[in-house]
S.K.: 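First the structure, which I've put down as C-alpha coordinates, then a few questions once you've had a look.
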Amino acid sequence: MKLQPVRGTRDFYPEDMLLRNWLFSAWRAISTLYNFKEYDAPILEHEELYTRKAGEEITSQLYNFTDKGDRKVALRPEMTPSLARMVLAGGRELVQPIKWFSIPQCWRYERTTRGRKREHYQWNVDVFGIETVHAEAELMSMLVDFFTAVGLTSQDLEFRVSNRKLLQVAIESIGIAEDRFNDVCIVFDKVDKLDKDTLLQEFSQIGVSEPQAEQLLRIAEMDTLEQLVQAFGSESEAIQELQQLFDLAEDYGYGEWLSLDPSIVRGLSYYTGTVFEVFDRERSLRAICGGGRYNHLLSTFGGKDIPACGFGFGDVVILELLKDKDLLPNTKLQVHLLVGTYDAESTGYAIDIAGQVRMNGLSVECISEPKKAKWIFRHADRIGAHWVCFVGPDERKEGIVTLKHMASGEEVSCTPPEIVQHVLGEQS
Ligand code: HAM
(Lines give C-alpha, C1' and ligand atoms only; values in the text may rest on other atoms or scores of the structure.)
Protein backbone atom coordinates (compact mmCIF):
# COMPACT_ATOMS: atom_id res chain seq x y z
CA MET A 1 0.00 0.00 0.00
CA LYS A 2 1.52 3.32 -1.09
CA LEU A 3 1.29 6.07 1.51
CA GLN A 4 2.04 8.87 -0.95
CA PRO A 5 -0.85 10.46 -2.88
CA VAL A 6 -0.96 9.87 -6.65
CA ARG A 7 1.90 11.64 -8.44
CA GLY A 8 1.27 15.35 -8.91
CA THR A 9 -1.56 15.45 -6.35
CA ARG A 10 -1.48 16.70 -2.78
CA ASP A 11 -2.72 15.74 0.65
CA PHE A 12 -3.79 18.68 2.75
CA TYR A 13 -2.90 18.18 6.42
CA PRO A 14 -4.66 20.56 8.86
CA GLU A 15 -1.83 23.15 8.66
CA ASP A 16 -2.03 23.00 4.84
CA MET A 17 -5.79 23.45 5.02
CA LEU A 18 -5.31 26.58 7.14
CA LEU A 19 -3.13 28.03 4.43
CA ARG A 20 -5.48 26.95 1.63
CA ASN A 21 -8.49 28.40 3.43
CA TRP A 22 -6.59 31.62 4.09
CA LEU A 23 -5.88 31.96 0.36
CA PHE A 24 -9.46 31.08 -0.61
CA SER A 25 -10.84 33.61 1.89
CA ALA A 26 -8.64 36.32 0.40
CA TRP A 27 -9.92 35.41 -3.08
CA ARG A 28 -13.52 35.32 -1.88
CA ALA A 29 -13.15 38.65 -0.08
CA ILE A 30 -11.87 40.44 -3.20
CA SER A 31 -14.56 38.81 -5.38
CA THR A 32 -17.25 39.96 -3.00
CA LEU A 33 -15.86 43.51 -2.80
CA TYR A 34 -16.33 43.76 -6.57
CA ASN A 35 -19.78 42.14 -6.42
CA PHE A 36 -18.88 38.88 -8.13
CA LYS A 37 -21.15 35.98 -7.13
CA GLU A 38 -19.85 32.49 -6.43
CA TYR A 39 -20.90 29.49 -8.55
CA ASP A 40 -19.79 25.88 -8.85
CA ALA A 41 -20.12 22.97 -11.30
CA PRO A 42 -19.33 19.24 -11.21
CA ILE A 43 -15.69 18.27 -11.38
CA LEU A 44 -16.72 15.56 -13.90
CA GLU A 45 -17.84 16.85 -17.28
CA HIS A 46 -18.66 15.51 -20.74
CA GLU A 47 -15.37 15.01 -22.52
CA GLU A 48 -16.67 16.81 -25.62
CA LEU A 49 -16.65 20.04 -23.65
CA TYR A 50 -12.86 20.05 -24.00
CA THR A 51 -12.22 18.47 -27.38
CA ARG A 52 -12.22 21.80 -29.17
CA LYS A 53 -9.28 22.43 -31.39
CA ALA A 54 -6.38 20.14 -32.06
CA GLY A 55 -3.02 21.41 -30.90
CA GLU A 56 -3.95 22.81 -27.51
CA GLU A 57 -1.79 21.36 -24.77
CA ILE A 58 -4.73 21.19 -22.39
CA THR A 59 -6.61 18.67 -24.58
CA SER A 60 -3.70 16.26 -24.60
CA GLN A 61 -3.56 16.51 -20.80
CA LEU A 62 -7.13 15.36 -20.13
CA TYR A 63 -7.94 12.96 -17.33
CA ASN A 64 -10.66 11.22 -19.35
CA PHE A 65 -12.38 7.85 -19.22
CA THR A 66 -15.55 6.04 -20.19
CA ASP A 67 -17.96 5.66 -17.28
CA LYS A 68 -20.09 2.61 -16.49
CA GLY A 69 -22.90 4.01 -18.64
CA ASP A 70 -20.52 4.23 -21.62
CA ARG A 71 -20.31 8.01 -21.45
CA LYS A 72 -17.06 9.73 -22.32
CA VAL A 73 -16.27 11.95 -19.36
CA ALA A 74 -13.31 13.96 -18.10
CA LEU A 75 -12.15 15.62 -14.90
CA ARG A 76 -12.26 19.33 -15.71
CA PRO A 77 -8.85 20.72 -16.65
CA GLU A 78 -10.22 24.29 -16.39
CA MET A 79 -13.49 25.97 -15.44
CA THR A 80 -14.21 28.17 -18.47
CA PRO A 81 -16.06 25.53 -20.57
CA SER A 82 -18.27 24.58 -17.58
CA LEU A 83 -19.02 28.25 -17.01
CA ALA A 84 -19.89 28.71 -20.69
CA ARG A 85 -22.15 25.66 -20.50
CA MET A 86 -23.92 27.10 -17.44
CA VAL A 87 -24.32 30.52 -19.05
CA LEU A 88 -25.82 28.91 -22.16
CA ALA A 89 -28.14 26.70 -20.12
CA GLY A 90 -29.13 29.64 -17.88
CA GLY A 91 -30.18 31.64 -20.95
CA ARG A 92 -32.11 34.86 -20.65
CA GLU A 93 -32.85 34.38 -16.96
CA LEU A 94 -29.31 35.46 -16.15
CA VAL A 95 -28.92 39.17 -15.57
CA GLN A 96 -26.09 40.65 -17.59
CA PRO A 97 -23.39 41.56 -17.04
CA ILE A 98 -22.93 38.15 -15.43
CA LYS A 99 -20.14 38.59 -12.88
CA TRP A 100 -19.28 35.23 -11.37
CA PHE A 101 -16.37 33.61 -9.58
CA SER A 102 -15.46 30.12 -8.49
CA ILE A 103 -12.57 28.22 -6.89
CA PRO A 104 -12.65 24.81 -8.61
CA GLN A 105 -10.12 22.04 -8.40
CA CYS A 106 -8.77 21.38 -11.91
CA TRP A 107 -7.00 18.28 -13.22
CA ARG A 108 -4.34 18.18 -15.93
CA TYR A 109 -2.01 15.33 -16.72
CA GLU A 110 0.99 17.69 -16.84
CA ARG A 111 4.69 17.11 -16.42
CA THR A 112 5.08 18.09 -12.78
CA THR A 113 7.54 20.91 -12.18
CA ARG A 114 7.84 23.70 -9.63
CA GLY A 115 4.47 25.44 -9.69
CA ARG A 116 2.77 22.83 -11.92
CA LYS A 117 0.91 19.87 -10.47
CA ARG A 118 -1.68 17.42 -11.78
CA GLU A 119 -4.39 19.00 -9.70
CA HIS A 120 -4.66 22.57 -8.56
CA TYR A 121 -7.29 24.94 -7.29
CA GLN A 122 -7.96 27.87 -9.56
CA TRP A 123 -9.66 31.15 -8.71
CA ASN A 124 -11.78 31.91 -11.77
CA VAL A 125 -13.33 35.32 -12.25
CA ASP A 126 -15.35 35.99 -15.40
CA VAL A 127 -17.66 38.60 -16.87
CA PHE A 128 -20.23 37.92 -19.59
CA GLY A 129 -21.99 40.78 -21.32
CA ILE A 130 -19.43 43.60 -21.47
CA GLU A 131 -17.96 44.22 -24.90
CA THR A 132 -15.30 46.78 -24.05
CA VAL A 133 -12.03 46.51 -22.13
CA HIS A 134 -13.75 48.08 -19.12
CA ALA A 135 -14.35 44.46 -18.07
CA GLU A 136 -10.66 43.52 -18.39
CA ALA A 137 -9.69 46.67 -16.48
CA GLU A 138 -11.94 45.71 -13.58
CA LEU A 139 -10.58 42.16 -13.51
CA MET A 140 -7.02 43.47 -13.39
CA SER A 141 -7.97 45.87 -10.61
CA MET A 142 -9.24 42.90 -8.59
CA LEU A 143 -5.94 41.13 -9.13
CA VAL A 144 -3.96 44.18 -8.05
CA ASP A 145 -6.13 44.48 -4.93
CA PHE A 146 -5.55 40.84 -4.14
CA PHE A 147 -1.78 41.11 -4.62
CA THR A 148 -1.66 44.24 -2.49
CA ALA A 149 -3.70 42.58 0.25
CA VAL A 150 -1.19 39.74 0.53
CA GLY A 151 1.79 42.10 0.58
CA LEU A 152 2.99 42.01 -3.05
CA THR A 153 3.76 45.14 -5.04
CA SER A 154 4.39 46.21 -8.64
CA GLN A 155 8.10 45.76 -7.82
CA ASP A 156 7.43 42.05 -7.38
CA LEU A 157 5.00 41.43 -10.21
CA GLU A 158 4.35 42.31 -13.79
CA PHE A 159 1.13 41.99 -15.81
CA ARG A 160 2.22 41.19 -19.37
CA VAL A 161 -0.56 42.27 -21.65
CA SER A 162 -1.32 41.87 -25.32
CA ASN A 163 -4.24 41.42 -27.69
CA ARG A 164 -4.79 38.49 -30.01
CA LYS A 165 -6.09 40.77 -32.73
CA LEU A 166 -2.51 42.00 -33.05
CA LEU A 167 -1.38 38.61 -34.25
CA GLN A 168 -4.41 38.39 -36.50
CA VAL A 169 -3.43 41.61 -38.27
CA ALA A 170 0.19 40.53 -38.29
CA ILE A 171 -0.38 37.20 -40.00
CA GLU A 172 -2.58 38.88 -42.56
CA SER A 173 0.03 41.52 -43.37
CA ILE A 174 2.80 38.90 -43.54
CA GLY A 175 0.74 36.80 -45.96
CA ILE A 176 0.01 33.82 -43.72
CA ALA A 177 -3.38 32.21 -44.43
CA GLU A 178 -6.12 33.22 -41.98
CA ASP A 179 -6.95 29.60 -41.16
CA ARG A 180 -3.42 29.18 -39.74
CA PHE A 181 -4.25 31.59 -36.93
CA ASN A 182 -4.79 28.99 -34.19
CA ASP A 183 -1.66 27.05 -35.13
CA VAL A 184 0.37 30.27 -35.18
CA CYS A 185 -0.95 31.16 -31.71
CA ILE A 186 0.08 27.78 -30.33
CA VAL A 187 3.66 28.13 -31.59
CA PHE A 188 3.80 31.84 -30.72
CA ASP A 189 2.84 30.94 -27.15
CA LYS A 190 6.18 29.14 -26.85
CA VAL A 191 8.32 32.16 -27.85
CA ASP A 192 9.57 32.55 -24.30
CA LYS A 193 10.15 28.84 -23.73
CA LEU A 194 11.93 27.57 -26.86
CA ASP A 195 15.17 28.58 -28.58
CA LYS A 196 14.99 30.28 -31.96
CA ASP A 197 15.91 27.23 -34.09
CA THR A 198 13.22 25.09 -32.50
CA LEU A 199 10.70 27.88 -32.96
CA LEU A 200 11.56 28.27 -36.64
CA GLN A 201 11.23 24.51 -37.01
CA GLU A 202 7.79 24.52 -35.34
CA PHE A 203 6.67 27.43 -37.51
CA SER A 204 7.81 25.62 -40.65
CA GLN A 205 5.79 22.55 -39.57
CA ILE A 206 2.62 24.66 -39.66
CA GLY A 207 3.49 26.13 -43.05
CA VAL A 208 5.05 29.44 -41.92
CA SER A 209 8.22 30.18 -43.89
CA GLU A 210 11.44 31.34 -42.22
CA PRO A 211 11.15 34.99 -43.32
CA GLN A 212 7.51 35.06 -42.15
CA ALA A 213 8.50 33.52 -38.82
CA GLU A 214 11.31 36.08 -38.45
CA GLN A 215 8.76 38.86 -38.91
CA LEU A 216 6.49 37.34 -36.28
CA LEU A 217 9.40 37.09 -33.86
CA ARG A 218 10.22 40.76 -34.41
CA ILE A 219 6.68 41.64 -33.35
CA ALA A 220 7.09 39.51 -30.23
CA GLU A 221 10.02 41.69 -29.23
CA MET A 222 8.23 45.05 -29.48
CA ASP A 223 7.51 46.56 -26.11
CA THR A 224 5.92 49.95 -26.69
CA LEU A 225 2.61 50.99 -28.19
CA GLU A 226 4.53 53.42 -30.43
CA GLN A 227 6.40 50.54 -32.05
CA LEU A 228 3.11 48.74 -32.63
CA VAL A 229 1.52 51.88 -34.07
CA GLN A 230 4.44 52.15 -36.49
CA ALA A 231 4.00 48.54 -37.53
CA PHE A 232 0.21 48.36 -37.71
CA GLY A 233 -1.10 51.95 -37.71
CA SER A 234 -3.06 53.65 -34.98
CA GLU A 235 -6.43 52.63 -36.41
CA SER A 236 -5.97 48.94 -35.69
CA GLU A 237 -8.57 47.61 -33.25
CA ALA A 238 -5.91 45.75 -31.29
CA ILE A 239 -3.93 48.91 -30.66
CA GLN A 240 -6.99 50.94 -29.76
CA GLU A 241 -8.10 48.33 -27.25
CA LEU A 242 -4.63 48.12 -25.74
CA GLN A 243 -4.44 51.90 -25.52
CA GLN A 244 -7.83 52.08 -23.80
CA LEU A 245 -6.87 49.34 -21.36
CA PHE A 246 -3.63 51.13 -20.43
CA ASP A 247 -5.57 54.39 -19.99
CA LEU A 248 -8.10 52.68 -17.73
CA ALA A 249 -5.25 51.17 -15.72
CA GLU A 250 -4.10 54.74 -15.05
CA ASP A 251 -7.63 55.73 -14.01
CA TYR A 252 -7.72 52.83 -11.57
CA GLY A 253 -4.21 53.73 -10.40
CA TYR A 254 -2.40 50.48 -11.22
CA GLY A 255 -0.66 51.53 -14.45
CA GLU A 256 2.78 50.63 -13.11
CA TRP A 257 1.82 46.96 -12.82
CA LEU A 258 1.21 46.57 -16.57
CA SER A 259 3.58 46.15 -19.46
CA LEU A 260 2.95 45.54 -23.09
CA ASP A 261 4.22 42.21 -24.33
CA PRO A 262 3.10 41.10 -27.82
CA SER A 263 4.69 37.68 -27.22
CA ILE A 264 1.76 36.83 -24.90
CA VAL A 265 -0.97 34.98 -26.81
CA ARG A 266 -1.95 32.24 -24.28
CA GLY A 267 -2.23 28.58 -25.11
CA LEU A 268 -6.02 28.24 -25.21
CA SER A 269 -7.68 28.58 -28.58
CA TYR A 270 -10.81 30.42 -27.44
CA TYR A 271 -9.22 33.81 -26.72
CA THR A 272 -10.23 36.55 -29.16
CA GLY A 273 -8.93 39.87 -27.80
CA THR A 274 -7.04 41.01 -24.70
CA VAL A 275 -4.72 38.35 -23.28
CA PHE A 276 -2.55 38.68 -20.20
CA GLU A 277 -0.42 36.76 -17.75
CA VAL A 278 1.09 37.81 -14.44
CA PHE A 279 4.71 36.87 -13.71
CA ASP A 280 7.09 37.53 -10.85
CA ARG A 281 9.60 40.11 -12.04
CA GLU A 282 12.54 37.86 -11.16
CA ARG A 283 11.02 35.28 -13.53
CA SER A 284 11.88 32.49 -11.12
CA LEU A 285 8.38 31.00 -11.36
CA ARG A 286 5.80 29.98 -13.96
CA ALA A 287 2.83 32.28 -14.70
CA ILE A 288 0.92 33.20 -11.54
CA CYS A 289 -2.34 33.72 -13.36
CA GLY A 290 -3.64 34.36 -16.84
CA GLY A 291 -6.73 35.27 -18.73
CA GLY A 292 -8.29 37.23 -21.49
CA ARG A 293 -11.27 37.85 -23.71
CA TYR A 294 -13.18 35.02 -25.38
CA ASN A 295 -16.13 36.44 -27.29
CA HIS A 296 -16.94 33.35 -29.37
CA LEU A 297 -16.84 30.42 -26.99
CA LEU A 298 -20.62 30.13 -26.71
CA SER A 299 -21.10 29.73 -30.47
CA THR A 300 -18.59 26.87 -30.51
CA PHE A 301 -21.06 25.15 -28.13
CA GLY A 302 -23.93 25.86 -30.51
CA GLY A 303 -25.28 28.92 -28.68
CA LYS A 304 -25.52 32.63 -29.29
CA ASP A 305 -22.31 34.47 -28.44
CA ILE A 306 -22.07 36.85 -25.51
CA PRO A 307 -18.87 38.89 -25.13
CA ALA A 308 -16.85 37.49 -22.24
CA CYS A 309 -13.55 37.74 -20.45
CA GLY A 310 -11.97 36.36 -17.31
CA PHE A 311 -8.92 34.90 -15.67
CA GLY A 312 -7.73 31.77 -13.88
CA PHE A 313 -5.37 32.00 -10.92
CA GLY A 314 -3.84 28.82 -9.47
CA ASP A 315 -3.08 28.18 -5.82
CA VAL A 316 0.35 26.62 -6.41
CA VAL A 317 2.61 29.36 -7.81
CA ILE A 318 1.27 32.13 -5.58
CA LEU A 319 1.97 30.11 -2.43
CA GLU A 320 5.51 29.39 -3.67
CA LEU A 321 6.04 33.09 -4.30
CA LEU A 322 4.62 34.18 -0.94
CA LYS A 323 6.83 31.60 0.75
CA ASP A 324 9.94 32.87 -1.09
CA LYS A 325 9.08 36.43 -0.03
CA ASP A 326 8.30 35.41 3.54
CA LEU A 327 4.74 36.69 3.21
CA LEU A 328 2.86 33.59 4.29
CA PRO A 329 0.56 34.11 7.28
CA ASN A 330 1.13 32.28 10.54
CA THR A 331 -0.78 29.06 10.13
CA LYS A 332 0.03 27.42 13.45
CA LEU A 333 -2.83 25.27 14.68
CA GLN A 334 -4.48 26.89 17.68
CA VAL A 335 -7.47 26.76 19.97
CA HIS A 336 -8.75 29.39 22.40
CA LEU A 337 -9.07 27.20 25.47
CA LEU A 338 -8.23 23.76 26.73
CA VAL A 339 -10.41 22.50 29.60
CA GLY A 340 -9.29 19.49 31.61
CA THR A 341 -9.57 17.82 34.98
CA TYR A 342 -7.47 15.47 37.11
CA ASP A 343 -10.50 14.13 38.98
CA ALA A 344 -13.17 11.77 37.55
CA GLU A 345 -15.85 13.40 39.73
CA SER A 346 -15.19 16.78 38.04
CA THR A 347 -15.76 15.57 34.48
CA GLY A 348 -19.30 17.00 34.39
CA TYR A 349 -18.02 20.37 35.69
CA ALA A 350 -15.34 20.48 32.96
CA ILE A 351 -17.83 19.54 30.21
CA ASP A 352 -20.22 22.22 31.42
CA ILE A 353 -17.49 24.90 31.39
CA ALA A 354 -16.43 23.91 27.86
CA GLY A 355 -20.06 24.13 26.69
CA GLN A 356 -20.53 27.61 28.19
CA VAL A 357 -17.41 28.95 26.50
CA ARG A 358 -18.33 27.39 23.11
CA MET A 359 -21.76 29.06 23.34
CA ASN A 360 -19.85 32.35 23.13
CA GLY A 361 -18.24 31.38 19.85
CA LEU A 362 -14.82 30.41 21.17
CA SER A 363 -13.07 27.15 20.27
CA VAL A 364 -12.55 24.73 23.13
CA GLU A 365 -10.69 21.44 23.39
CA CYS A 366 -12.28 19.55 26.27
CA ILE A 367 -10.31 16.62 27.71
CA SER A 368 -13.04 14.91 29.68
CA GLU A 369 -10.93 11.94 30.84
CA PRO A 370 -8.97 12.72 34.01
CA LYS A 371 -5.33 13.58 33.21
CA LYS A 372 -2.22 14.59 35.10
CA ALA A 373 -1.30 18.31 35.06
CA LYS A 374 1.96 17.57 33.23
CA TRP A 375 0.07 15.88 30.37
CA ILE A 376 -2.52 18.66 30.13
CA PHE A 377 0.03 21.49 29.89
CA ARG A 378 2.22 19.61 27.42
CA HIS A 379 -0.83 18.91 25.30
CA ALA A 380 -1.93 22.55 25.52
CA ASP A 381 1.45 23.53 24.17
CA ARG A 382 1.26 21.06 21.30
CA ILE A 383 -2.22 22.03 20.13
CA GLY A 384 -1.59 25.76 20.48
CA ALA A 385 -4.11 26.42 23.28
CA HIS A 386 -3.99 30.09 24.35
CA TRP A 387 -5.53 29.37 27.74
CA VAL A 388 -5.89 26.33 30.01
CA CYS A 389 -8.62 25.77 32.54
CA PHE A 390 -7.68 22.77 34.71
CA VAL A 391 -10.29 21.93 37.35
CA GLY A 392 -10.59 19.57 40.31
CA PRO A 393 -12.82 18.97 43.38
CA ASP A 394 -11.92 22.28 45.12
CA GLU A 395 -12.79 24.44 42.13
CA ARG A 396 -15.96 22.42 41.48
CA LYS A 397 -17.18 22.87 45.08
CA GLU A 398 -16.47 26.61 45.06
CA GLY A 399 -17.87 27.10 41.53
CA ILE A 400 -14.67 28.75 40.27
CA VAL A 401 -11.84 27.85 37.88
CA THR A 402 -8.12 28.52 37.66
CA LEU A 403 -7.28 29.90 34.25
CA LYS A 404 -3.73 29.93 32.93
CA HIS A 405 -2.56 32.13 30.08
CA MET A 406 -0.05 29.93 28.25
CA ALA A 407 2.08 32.66 26.65
CA SER A 408 2.71 34.66 29.86
CA GLY A 409 2.29 31.86 32.41
CA GLU A 410 -0.02 34.10 34.45
CA GLU A 411 -2.85 32.49 36.38
CA VAL A 412 -6.17 33.91 37.44
CA SER A 413 -9.07 32.58 39.46
CA CYS A 414 -12.56 33.38 38.15
CA THR A 415 -16.08 32.01 37.71
CA PRO A 416 -16.95 30.07 34.54
CA PRO A 417 -18.95 32.94 32.94
CA GLU A 418 -15.91 35.23 33.40
CA ILE A 419 -13.65 32.95 31.33
CA VAL A 420 -14.84 34.42 28.03
CA GLN A 421 -13.82 37.98 28.97
CA HIS A 422 -10.33 36.80 29.89
CA VAL A 423 -9.92 34.79 26.71
CA LEU A 424 -11.21 37.62 24.55
CA GLY A 425 -9.05 40.14 26.39
CA GLU A 426 -6.15 37.72 25.80
CA GLN A 427 -4.66 38.65 29.20
CA SER A 428 -5.30 37.71 32.79
P1 HAM B 1 -4.52 28.71 -17.76
O2 HAM B 1 -3.47 29.71 -18.13
O3 HAM B 1 -4.45 27.37 -18.38
O4 HAM B 1 -5.92 29.39 -18.04
O5 HAM B 1 -4.50 28.52 -16.19
C6 HAM B 1 -4.65 29.64 -15.36
C7 HAM B 1 -3.73 29.54 -14.15
O8 HAM B 1 -3.98 28.29 -13.49
C9 HAM B 1 -2.24 29.50 -14.45
O10 HAM B 1 -1.74 30.80 -14.62
C11 HAM B 1 -1.74 28.86 -13.17
O12 HAM B 1 -1.78 29.78 -12.09
C13 HAM B 1 -2.80 27.83 -12.88
N14 HAM B 1 -2.44 26.51 -13.42
C15 HAM B 1 -2.69 26.01 -14.64
N16 HAM B 1 -2.24 24.76 -14.76
C17 HAM B 1 -1.68 24.43 -13.57
C18 HAM B 1 -1.04 23.29 -13.03
N19 HAM B 1 -0.85 22.18 -13.75
N20 HAM B 1 -0.58 23.31 -11.76
C21 HAM B 1 -0.76 24.42 -11.01
N22 HAM B 1 -1.36 25.53 -11.44
C23 HAM B 1 -1.81 25.56 -12.71
C24 HAM B 1 -7.12 28.79 -17.86
O25 HAM B 1 -7.29 27.75 -17.31
C26 HAM B 1 -8.28 29.63 -18.33
N27 HAM B 1 -9.49 28.80 -18.29
C28 HAM B 1 -8.41 30.85 -17.46
C29 HAM B 1 -9.55 31.73 -17.84
C30 HAM B 1 -10.68 31.96 -17.10
N31 HAM B 1 -9.64 32.45 -18.95
C32 HAM B 1 -10.78 33.10 -18.94
N33 HAM B 1 -11.43 32.80 -17.83
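In each ligand, atom 1 is the first atom listed, and ligand 1 is the first ligand listed.
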S.K.: Does either side chain, that of D145 or that of Y252, offer a donor lying less than 3.5 Å from an acceptor on the other one?
M.R.: no
S.K.: For Y271 and R164, does a side-chain donor sit closer than 3.5 Å to a side-chain acceptor?
M.R.: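 Note: Y271 and R164 side chains miss the donor-acceptor criterion.
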S.K.: Please report which non-hydrogen protein atom sits nearest to atom 33 (N) of ligand 1, along with the residue it belongs to and the distance in Å to one decimal place.
M.R.: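 Here the nearest protein heavy atom works out to D126 OD2, 2.8 Å.
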S.K.: Is V317 near ligand 1, meaning one of its heavy atoms is under 4.0 Å from it?
M.R.: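 Flag not set, V317 not near ligand 1.
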S.K.: Indicate, as side chain, backbone, both or neither, the part of E110 found under 4.0 angstrom from ligand 1 when only non-hydrogen atoms are considered.
M.R.: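 Under 4.0 Å from ligand 1, E110 contributes side-chain atoms alone.
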S.K.: Measuring from atom CH2 of W107 to atom OH of Y63, what distance do you get when rounded to the nearest 0.5 angstrom?
M.R.: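 Rounded to the nearest 0.5 Å, the CH2-OH separation comes out at 6.5 Å.
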S.K.: Out of all atoms in ligand 1, which are within 4.0 Å of some heavy atom of G290? Include the element for each.
M.R.: 10 (O), 28 (C)
S.K.: Hey, is E119 one of the residues with a heavy atom under 4.0 angstrom from ligand 1?
M.R.: no
S.K.: Answer with yes or no whether the side chains of Q356 and N360 bring together a donor and an acceptor at under 3.5 Å.
M.R.: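 Judged by distance alone, the side chains do not pair up.
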S.K.: Between Y270 and ligand 1, find which residue part has any heavy-atom pair under 4.0 Å and reply side chain, backbone, both or neither.
M.R.: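 Answer for Y270: side chain.
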S.K.: Measure the shortest side-chain to side-chain distance between S263 and L217 over non-hydrogen atoms and say whether it is less than 4.5 angstrom.
M.R.: no
S.K.: Among all protein heavy atoms, pick out the one at the shortest distance from atom 16 (N) of ligand 1; state its residue, atom name and that distance to 0.1 Å.
M.R.: R108 NH1, 3.2 Å
S.K.: N124 versus ligand 1: do any nitrogen or oxygen atoms come within less than 3.5 Å of each other?
M.R.: no
S.K.: What pair of heavy atoms forms the shortest contact from L260 to L228, and how long is it?
M.R.: CD2-CD1, 3.5 Å
S.K.: Would R160 and F279 count as a cation-pi pair here, with the cationic atom under 6.0 angstrom from the ring centre and within 45° of the axis?
M.R.: yes
S.K.: Decide if the gap between the ring center of W123 and the ring center of F311 is smaller than 6.0 angstrom.
M.R.: yes
S.K.: Can you name the one residue among F313, F36, Y121, F147 that meets ring-ring contact (aromatic ring centres under 6.0 Å, His included) with W27?
M.R.: F313
S.K.: Look only at interatomic distance and state if R118 has a nitrogen or oxygen under 3.5 Å from any nitrogen or oxygen of ligand 1.
M.R.: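 It does not: no N or O of R118 is found under 3.5 Å from an N or O of ligand 1.
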S.K.: Considering only the protein, which heavy-atom contact is closest to atom 20 (N) of ligand 1, and what is its distance?
M.R.: K117 N, 2.9 Å
S.K.: Nearest protein heavy atom to atom 27 (N) of ligand 1, by residue and atom, and its distance?
M.R.: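 Going atom by atom, the protein heavy atom closest to atom 27 (N) of ligand 1 ends up being E78 OE1, 2.5 Å.
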S.K.: Tell me which one of Y271, F311, Y294 gets a heavy atom nearest to atom 31 (N) of ligand 1.
M.R.: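 Among Y271, F311, Y294, the closest heavy atom to atom 31 (N) of ligand 1 comes from Y271.
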S.K.: Specify the protein heavy atom at minimum distance from atom 10 (O) of ligand 1: its residue, its atom name, and the distance to 0.1 Å.
M.R.: C289 CA, 3.2 Å
S.K.: Considering heavy atoms of the protein only, find what lies nearest to atom 24 (C) of ligand 1 and give residue, atom and distance to 0.1 Å.
M.R.: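 Result for atom 24 (C) of ligand 1: L268 CD1, 3.6 Å.
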S.K.: Once you restrict to heavy atoms under 4.0 Å, what part of I58 touches ligand 1? Side chain, backbone, both or neither.
M.R.: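 The answer is neither; I58 stays 4.0 Å or more away.
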S.K.: Which is closest to atom 6 (C) of ligand 1 by heavy-atom distance: Q122, R286, R116?
M.R.: Q122
S.K.: Hey, is M79 touching ligand 1 through its side chain, its backbone, both or neither, going by heavy atoms under 4.0 Å?
M.R.: neither
S.K.: Got an N/O contact under 3.5 Å between C309 and ligand 1?
M.R.: no
S.K.: Would a line drawn from the ring center of F101 to the ring center of Y34 be shorter than 6.0 Å?
M.R.: no
S.K.: Run the contact test for P77 against ligand 1 with a 4.0 Å cut-off on heavy atoms, strictly below, and give the result.
M.R.: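 Contact absent.
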S.K.: Between the side chains of D305 and S299, does any donor sit under 3.5 Å from an acceptor?
M.R.: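 A pair is found: one side chain offers a donor N or O, the other an acceptor, under 3.5 Å apart.
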S.K.: Considering only protein heavy atoms, which is closest to atom 21 (C) of ligand 1, and at what distance to one decimal place?
M.R.: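 Answer, as residue, atom name and distance: G115 O, 3.3 Å.
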S.K.: Any non-hydrogen side-chain atom of W22 less than 4.5 Å from a side-chain atom of V150?
M.R.: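 They are in side-chain contact.
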S.K.: Closest by any non-hydrogen atom to atom 28 (C) of ligand 1: pick that one out of G314, G312, A287, G292.
M.R.: G312
S.K.: Are E45 and R85 close enough for a salt bridge, meaning some N to O gap below 4.0 Å?
M.R.: yes
S.K.: Using distance alone, determine whether I288 and ligand 1 share an N or O pair under 3.5 Å.
M.R.: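 Yes; the residue has a nitrogen or oxygen that sits under 3.5 Å from a nitrogen or oxygen of the ligand.
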S.K.: Tell me, do E235 and Q240 make a side-chain contact under 4.5 Å, heavy atoms counted?
M.R.: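 In contact.
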S.K.: Of Q61, E277, H120, R266, which has the heavy atom at the shortest distance from atom 17 (C) of ligand 1?
M.R.: H120
